[in-house]
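These notes concern the structure reproduced below.
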Amino acid sequence: AAVADRNIVSVLLEGLRRLEYRGYDSAGLALINEKGLHRLRSVGRVAELTAQADESQACGNTGIAHTRWATHGVPCERNAHPHISGGLAVVHNGIIENHEVLRARLKGDGYEFTSDTDTEVVAHLIASELKKNPDFFAATRAAIAQLQGAYALAVLRESEPDRVVVAREGSPLLLGLSTEGNYAASDASALLQVTRRIVYLDNGDCAELTRTGYRITRVDGTPVKRRETETHLSADAVELGQYRHYMQKEIFEQPVALSNTLEMLGAARSIQPGLFGANCEEVLKDIRQILIIACGTSYHAGLVARYWLESLARVPCTVEVASEYRYRDSVADPQTLVVTLSQSGETADTLAALQHAKSLGMHHTLCICNVPESSLVRENALRFITRAGPEIGVASTKAFTTQLAALYLLTLIIAKLRGNLSAETESAELQHLRHLPMAVSRVLELEPQIREWAEHFAMKQDALFLGRGRHYPIALEGALKLKEISYIHAEAYPAGELKHGPLALVDKDMPVIAVAPNDVLLEKLKSNLQEVRARGGELYVFADADSEIT
Ligand code: BG6
């Protein structure tokens, strides 16, 4: 969203272009100029919307824009945002859970729906509130108070051309401030083109932006102040450079991301709890178990950490998928350290699960996160910021490896405080960590060989990933990556479980990928691989040079 002294069409389109990497199926914008409210929408790329804007010589000093990833209603122009009701236009990220009830009520009141989206409900709801209260900001807040679910919203009103109203609950939203106008976006990278002055909104915040200022209130209208920060995000860091896509770039950034994350260790031979926050030692001495909560790849990092925390630090650890934990009736122990893991620090389920844990009386909380200004970091007194740099690719890569490095540091600190880490081992472990960037670089040199495998692999319909011990979560992560990025169905199994069902699926069309480092479970894993061979399965093995897999 933008409200400025200049024509903001190019700012809006460039903002959408900057966020294209997140994936979308349609795009749109709404503008207000002296002729009134105008909307452009297109199914397809932002470039098509740009062509439409050029052709129609679109201009305006106030506008909102959006790329949509269909949730309610198929991808088509009719369902693309902005949605309009009378002279109002709305864009929305998130999902309105009570949209059906609201839709029925609004239809009863005579509102006509032209899309299948949950968002259109919001436009009509604000229009209906404006009939009771002509104040645009107040009416929008009254509408928002009736919404259940997650949203980041931006709203325009034709009759108030110098104003944009925004609100957030569960989806990220920030304001960008500048002398020539004010802006809002779901991610700072969209606004780097116009400003570095950012105000992050909290859940439940609403804001009214004009060309010269802004004000923030809670949904009930209570004014609140939020800190203005200067974003350190570098414009270069979000450029693709020599790489074909962001995921490739970020895979190759892992050695640097790890060195940056581990930089604070310097040449130290011992590790201090202060790395995780001022009173970390006190908190860690008071805990008797650990609960890790996360989603997706971050959840897999948590699963790996469980092996370390139990075997090295000797502290019981459970790992929960955030979207399950937040609704599960679980037993809480106040002497638990609740560890939330997230690249973005904005994953709604992880944030809600943390609130749930706190509401159950667990107040020792710590997060490992890659975005210092994120909601998650603000919610935790103890925190470790991974320094992976911006992760543009939606599927996490370098954030995962840096999360693992941070979790290993946490394990060493807890092991030390519990008397389970000798000075000698501590120094050796830190040495191993310092070697990590180099070791990862060696693995990345395998790219040509892996590319060859991939070409062979690309035609497959399904794949099975196997691992044992702490490499089982690595197999899970491999399967998640394959599904999310190539749309090939993949599953991961602890290799020992193979014979209890999935072996039946293995044949020449089912590639089996195994993670086989030279550890105590290697011989057992080799037997599992024999089972695959016996069924004619095609094996792809990631092994240490001395694993002796033939
Ligand atoms: C998903 C992404 O939407 O969110 C995954 O596709 C990611 O790659 C997951 O791991 C969790 O994100 P975050 O930011 O909380 O680590």
Side-chain angles (χ1 to χ4, degrees), residues 19-24 67 69-71 93-95 150 152 170-174 186-189 200 203 233 245-251 253-254 257 261 292-305 319-326 338-357 365-380 383-407 465 473-488 490 492:
L19 300 181
E20 265 191 307
Y21 64 83
R22 290 172 182 243
Y24 63 100
T67 46
W69 183 261
T71 57
N93 281 352
I95 291 175
S171 289
L173 191 65
L174 49 92
S186 54
D187 192 289
S189 57
Y200 289 90
N203 278 334
L233 198 62
H245 49 76
Y246 282 106
M247 192 166 159
Q248 186 191 31
K249 176 176 185 243
E250 288 158 11
I251 287 171
E253 282 174 348
Q254 287 177 100
T261 299
I292 298 179
I293 304 170
C295 300
T297 294
S298 298
Y299 168 69
H300 293 155
L303 289 178
V304 175
V319 189
E320 297 253 6
V321 169
S323 57
E324 283 297 310
Y325 176 74
R326 64 184 282 200
V338 180
V339 178
T340 36
L341 306 176
S342 173
Q343 186 287 124
S344 60
E346 298 295 349
T347 303
D349 282 323
T350 306
L351 289 166
L354 172 63
Q355 291 314 331
H356 178 66
T365 68
L366 178 153
C367 74
I368 294 176
C369 184
N370 194 40
V371 181
E373 307 90 355
S374 63
S375 305
L376 189 66
V377 171
R378 282 180 273 141
E379 291 292 328
N380 283 275
R383 79 274 295 251
F384 184 98
I385 309 294
T386 48
R387 291 166 69 187
E391 196 173 60
I392 308 286
V394 173
S396 187
T397 52
K398 59 180 179 171
F400 177 65
T401 27
T402 52
Q403 280 172 345
L404 289 178
L407 286 161
F465 284 70
I474 301 294
L476 284 169
E477 176 57 13
L480 176 64
K481 279 287 162 292
L482 195 70
K483 279 184 274 214
E484 203 174 2
I485 300 305
S486 68
Y487 303 171
I488 295 176

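Read the numbers this way: they start at 1 and go in the same order the structure lists the ligands and their atoms. The figures that follow rest on heavy atoms only: side chains count, while hydrogens, waters and symmetry mates do not. Note that the structure is predicted; figures quoted are calculated from it, not measured.
Judged by distance alone, the side chain of Lys483 and the main-chain N or O of Ala490 form a donor-acceptor pair under 3.5 Å. Looking at Ser186, its side chain never comes within 3.5 Å of a backbone N or O of Leu173 through a donor-acceptor pair. Panel note: side chain Glu391, backbone Ala399; a donor-acceptor pair is recorded below 3.5 Å.
Considering only heavy atoms from C-beta on, Leu407 stays 4.5 Å or farther from Val304 through its side chain.
Aromatic pair Tyr325/His356: ring centres closer than 6.0 Å.
No side-chain N or O of Gln343 forms a donor-acceptor pair with one of Ser396 less than 3.5 Å apart.
Residues with a heavy atom under 4.0 Å from ligand 1: Cys295, Gly296, Thr297, Ser298, Ser342, Gln343, Ser344, Thr347, Val394, Ala395, Ser396, Glu484.
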